[in-house]
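Once you've had a glance at the structure underneath, I'll fire off some questions.
All values below were derived from every heavy atom in this structure, side-chain atoms included, with hydrogens, water molecules and symmetry-related copies excluded. Both ligands and their constituent atoms are indexed starting at 1 by order of listing.
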Amino acid sequence: MTDAQVQGIVFNVQKFSVHDGRGIRTLVFLKGCPLRCRWCSNPESQRPEPEHAFNPTRCLTAQVCGRCLAACPSGALALKDEMILHDRSRCAECFACVRACPSGAQSVYGETMSVGRVLDKVEEDGVFYHRSGGGMTLSGGEPLAQHAFALALLREARRRHVDTAIETCGCYPYERLRQACASLDRLIFDIKSADPARHREHTGADNALILENFSRVCAEFPDLPILVRTPVIPGFNDTEADIRAIRRHIPRRPGIEYELLAYHRMGQPKYGYLGRRYELGDAKPDDRLMERLKEIAR
Ligand code: SF4
Ligand code: SF4
């Protein structure tokens, strides 16, 4: 099988991003992640397989339409007070309702795509990359959760002279990262907390492997530009001590930058579409605190 034929599950291809690498970029979001960050703005990325979502605000109403009710073979959709209700415990994720729905209220996050198809899509914006120094950034989820697919995407992009970057949480065997770096122009590496217990509590996983992978990649690829990022989450890592502790893990050398990302809740509606609860409902970003933390990060 050639790299172009390798298949994986992608849940979004987003064009014209200017925040995730150099220049104008196309972000390719891969499904699957080993972490379960409580603030995750892409909850649809976490499970590895395609998953059903229902956005009631787009529904034409059962009186006007009702096609999904007739299409569902599992009794997972019902009518209550003239509203469509989705019972996740009965849903077989067959996506018959998605195919029947004319409005996009029933939808599926995740689609099987080949590397060739993804790169064809990415290359539609080639003219912008050449002018801005941009290219393709793999994101997720954790792109290296589907490592065979992600590595084939990076190699094929290299063959097509597309600039490559990857956004990673760093939580997987080091060998995956080592192989990815061979085809990378820039690495974007998240470090969320230096405190093992807090990291486990808020992301579901220990940070030891993440910090070890970061240290190894810095040592083994001294010429690779690396952007370290920390999403600043109220009540989790938003103190000066938290940022200083992370800063101590980042080598001071040319080519390594450190950036803080302000907390936002733009992903919150998607929790509802997936039948999940957003756990940080009351959290609020503090702009003045953020400015102080950015000073420390610098
Ligand atoms: S995905 Fe299939 S089982 Fe689930 S609600 Fe839609 S039609 Fe029913
Ligand atoms: S098929 Fe779509 S638009 Fe029609 S009732 Fe179902 S959710 Fe609403």
Check: Ile191 main-chain N/O paired with Thr230 side-chain donor or acceptor under 3.5 Å: yes

Taking atom 6 (Fe) of ligand 2 as the reference point, the nearest protein heavy atom with its distance: Cys68 SG, 2.3 Å

Nearest-neighbour protein heavy atom for atom 2 (Fe) of ligand 2, which is reported as residue plus atom name and distance: Cys101 SG, 2.3 Å

Plane angle bin for His52 and His86 - parallel if under 30°, tilted between 30 and 60°, otherwise perpendicular: tilted

Glu93, portion touching ligand 1 at heavy-atom distance under 4.0 Å: backbone

Where ligand 2 meets Leu60 - atom numbers and elements under 4.0 angstrom, heavy-atom basis: 3 (S), 8 (Fe)

Check: Pro43 and Arg276 side chains under 4.5 Å, non-hydrogen atoms: yes

Protein heavy-atom partner closest to atom 3 (S) of ligand 1 - residue, atom, separation in Å: Ala92 N, 3.3 Å

Student check: side-chain heavy atoms of Phe149 and Val10 closer than 4.5 Å: yes

Ligand 1-proximal atoms of Cys72, by part, heavy-atom distance under 4.0 Å: both

Which of the ligand 1 atoms, numbered from 1, are nearer than 4.0 Å to a heavy atom of Cys94: 1 (S), 2 (Fe), 3 (S), 7 (S)

Which residue and heavy atom of the protein sit nearest atom 8 (Fe) of ligand 2, plus the separation: Cys59 SG, 2.4 Å

Atom indices of ligand 1 within 4.0 angstrom of His86 heavy atoms, with elements: 5 (S)

Closest approach of any protein heavy atom to atom 1 (S) of ligand 1, naming residue and atom: Phe95 N, 3.2 Å

Expected output: side-chain Arg117 to main-chain Gln5 donor-acceptor under 3.5 Å: no

N/O/S from Cys97 sitting under 2.8 Å away from atom 2 (Fe) of ligand 2: no

From CA spacing to verdict: side chain to side chain contact (heavy atoms under 4.5 Å, CB included), Thr239, Ile243: CA-CA 7 Å; Thr239 69; Ile243 302 306; over 6 Å; no

Option whose closest heavy atom lies nearest to atom 5 (S) of ligand 2, chosen from Gly66, Ser107, Ala71: Gly66

Centroid-centroid under 6.0 Å between Phe29 and Phe11 rings: yes

Contact check: His52 to atom 4 (Fe) of ligand 1, N/O/S below 2.8 Å: no

Residue part near ligand 1, for Val98, under 4.0 Å between non-hydrogen atoms: neither

Protein heavy atom at shortest distance from atom 4 (Fe) of ligand 2: Cys65 SG, 2.3 Å

Donor-acceptor pair, side chain of Asp81 and main chain of Met83, under 3.5 angstrom: no

Contacting atoms of ligand 1, where contact means under 4.0 angstrom from a heavy atom of Ser74: 3 (S)

Distance filter under 4.0 Å to Ala105 heavy atoms, resulting ligand 2 atoms: 7 (S)

Salt-bridge present (Asp163, Arg186; N to O < 4.0 Å): no

Under-4.0 Å salt bridge between Glu51 and Lys31: yes

For Gln106, atoms of ligand 2 separated by under 4.0 Å from a heavy atom: 7 (S)

Sidechain-backbone polar pair: Asn237 side chain, Asp242 backbone, donor-acceptor under 3.5 Å: no

Phe189 ring center within less than 6.0 Å of Phe214 ring center: yes

Element-labelled atoms of ligand 2 that are located less than 4.0 Å from some non-hydrogen atom of Phe54: 7 (S)

